[in-house]
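Only one structure is covered here, and it is reproduced in the block below.
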Amino acid sequence: MATQSEMKKRIQVQNMIIVALAIIIFVLVAVSGTAAWYIRSKSDTTEIRLSDPVNIEITENGSITTDILKEFSVNVYPGDTIGLNLGVKMGKAGTPSSPAYVRVKLEIFFENQEGVYSQLEDVADSDKVRYKDTPDGSVWEKVNFAQFAQAENEDIEDDYWFVLKDYDELGHMTARVATNQEDYLFLDGFIELDKHNLTNNEALCKFHINYVVEAIQKENVPDPLANPGFGPWWDFQLGDIEDIEGQE
């Protein structure tokens, strides 16, 4: 039988064990609670896609074509009329376009039998052809994009384009922003060959027709008509969008 002293020691040891267990339980509760706070997680995901590219299609007689003016790569005769129904469409089904500014260049040259090139108006002056090669001035603005470079170097050649235009609420001219699936007629024109004044001297001569359409995404570029001289279509003499007062 245990003595009173031994019983007292045993109780003291048991009390110490109980206290120690209580401390351990408290620590575990505190640690587990703290750990739960630290490992709590929250997440969110998304995909960020760059905008649509600029997509343009050349149209002829209202239809998209990949081989512009193909039907004119044949012989024509005095009295014939070459139709020039040319336009542009932004994007098409399956290939949408970003909003963009649009400019168009149409160059028509006459090549004689000696291979010498001349302007179309030079041939018209001789009453050999009549023509219409200028678009609607209420829709397209003719701009010489080399004008600021020419102010410093007059030997630089003209660089004329027609820019799709609009007007703001104050009546100031701006470049129109063309958006996806919009269709614009550039020119409903013609070259008419005179059937009396053309002779063997014009046989086998050629008309060279060059139709170019450019579009530039609207974002981060200045309006080329409201800010002449600024932006990538110009000669960079005046700077870019960050150089325009009030622009960022």
Side-chain angles (χ1 to χ4, degrees), residues 53-60 62 64-66 68-69 72 82-91 97-110 117-122 124 131-168 172-180 182-191 207-241 243-244:
V54 173
N55 283 308
I56 52 177
E57 301 290 339
I58 288 175
T59 64
E60 182 183 0
I64 292 176
T65 178
T66 57
I68 189 67
L69 305 174
F72 299 140
I82 302 170
L84 298 173
N85 190 290
L86 305 172
V88 56
K89 184 173 183 177
M90 302 303 297
S97 175
S98 288
Y101 298 121
V102 177
R103 67 175 181 173
V104 175
K105 176 180 288 191
L106 178 64
E107 297 174 315
I108 305 176
F109 298 100
F110 180 76
Y117 283 68
S118 60
Q119 299 288 337
L120 187 59
E121 56 263 32
D122 296 334
Y131 68 95
K132 177 186 176 184
D133 68 346
T134 304
D136 185 347
S138 66
V139 180
W140 299 90
E141 182 71 14
K142 189 175 183 180
V143 179
N144 178 14
F145 282 93
Q147 61 182 273
F148 292 97
Q150 290 171 333
E152 298 181 2
N153 184 354
E154 60 183 13
D155 294 330
I156 294 176
E157 295 183 357
D158 293 333
D159 185 22
Y160 281 107
W161 293 75
F162 288 93
V163 179
L164 187 64
K165 70 178 180 180
D166 206 343
Y167 294 90
D168 64 19
H172 301 143
M173 186 171 60
T174 62
R176 178 163 184 163
V177 179
T179 58
N180 187 50
E182 286 186 339
D183 196 346
Y184 297 97
L185 174 66
F186 172 68
L187 174 66
D188 186 8
F190 62 87
I191 301 174
F207 289 100
H208 295 273
I209 302 172
N210 184 35
Y211 179 57
V212 183
V213 181
E214 276 191 5
I216 186 168
Q217 196 173 56
K218 172 187 177 295
E219 298 302 324
N220 303 318
V221 296
D223 183 317
L225 295 185
N227 302 284
F230 292 87
W233 276 348
W234 295 86
D235 48 55
F236 293 90
Q237 295 299 307
L238 302 183
D240 213 329
I241 192 167
D243 301 308
I244 301 173

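One is the number of the first residue; the rest follow in order along the sequence.
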To check you understand the geometry: which heavy-atom pair defines the closest contact between [X] and [Y], and what is its length?
{"X": "E157", "Y": "A146", "answer": "O-CB, 3.4 Å"}
{"X": "V54", "Y": "Q217", "answer": "CG2-N, 3.5 Å"}
{"X": "W140", "Y": "V88", "answer": "CH2-CG1, 4.2 Å"}
{"X": "A178", "Y": "L164", "answer": "CB-CD2, 4.1 Å"}
{"X": "P228", "Y": "W234", "answer": "CA-CZ2, 3.7 Å"}
{"X": "F145", "Y": "V163", "answer": "CZ-CG2, 3.7 Å"}

With the side chain counted from C-beta on, respond yes when [X] and [Y] share a heavy-atom pair under 4.5 Å apart, and no when they do not.
{"X": "K105", "Y": "D159", "answer": "yes"}
{"X": "L106", "Y": "L86", "answer": "yes"}
{"X": "V212", "Y": "N210", "answer": "yes"}
{"X": "L187", "Y": "T134", "answer": "no"}
{"X": "S118", "Y": "F109", "answer": "no"}
{"X": "V143", "Y": "L225", "answer": "yes"}
{"X": "V177", "Y": "Y101", "answer": "yes"}
{"X": "L84", "Y": "I191", "answer": "yes"}

Can a donor-acceptor pair be found, under 3.5 Å and without considering hydrogens, that links the side chain of [X] to the backbone of [Y]?
{"X": "E152", "Y": "A149", "answer": "no"}
{"X": "D223", "Y": "A226", "answer": "yes"}
{"X": "S97", "Y": "G91", "answer": "no"}
{"X": "E141", "Y": "K165", "answer": "no"}
{"X": "N85", "Y": "D188", "answer": "no"}

Approximate separation, where rounding is to 0.5 Å, of [X] [atom1] and [Y] [atom2]:
{"X": "D133", "Y": "F190", "atom1": "CG", "atom2": "CZ", "answer": "10.0 Å"}
{"X": "S138", "Y": "D166", "atom1": "OG", "atom2": "CG", "answer": "11.0 Å"}
{"X": "D122", "Y": "F110", "atom1": "CG", "atom2": "CZ", "answer": "10.5 Å"}
{"X": "I209", "Y": "I108", "atom1": "CD1", "atom2": "CD1", "answer": "5.5 Å"}

**Asked** Taking atom types as modelled and ignoring hydrogens, do the side chains of Q150 and D155 form a donor-acceptor contact shorter than 3.5 angstrom?
**Response** no
**Prompt:** Ion pair present between E214 and R103, side-chain N to carboxylate O less than 4.0 angstrom?
**Reply:** yes
**Asked** For M90 and I56, what are the C-alpha separation, side-chain angles and deciding distance, and is it a side-chain contact (heavy atoms from CB on, under 4.5 Å)?
**Response** CA-CA 5 Å; M90 302 303 297; I56 52 177; 3.5 Å; yes
**Prompt:** Between Y211 and F186, what is the ring plane arrangement, given parallel below 30°, perpendicular above 60°, and tilted in between?
**Reply:** tilted
**Asked** Should we say atom CG of D136 is surrounded by more than 12 heavy atoms from elsewhere, each under 6.0 Å from it?
**Response** yes
**Prompt:** Between E182 and Y184, does a side-chain contact (heavy atoms from CB on, under 4.5 Å) hold up when you go through it step by step?
**Reply:** CA-CA 7 Å; E182 286 186 339; Y184 297 97; 2.3 Å; yes
**Message:** Between D183 and T59, is the side-chain contact (heavy atoms from CB on, under 4.5 Å) condition met? List the steps.
**Reply:** CA-CA 9 Å; D183 196 346; T59 64; 4.2 Å; yes
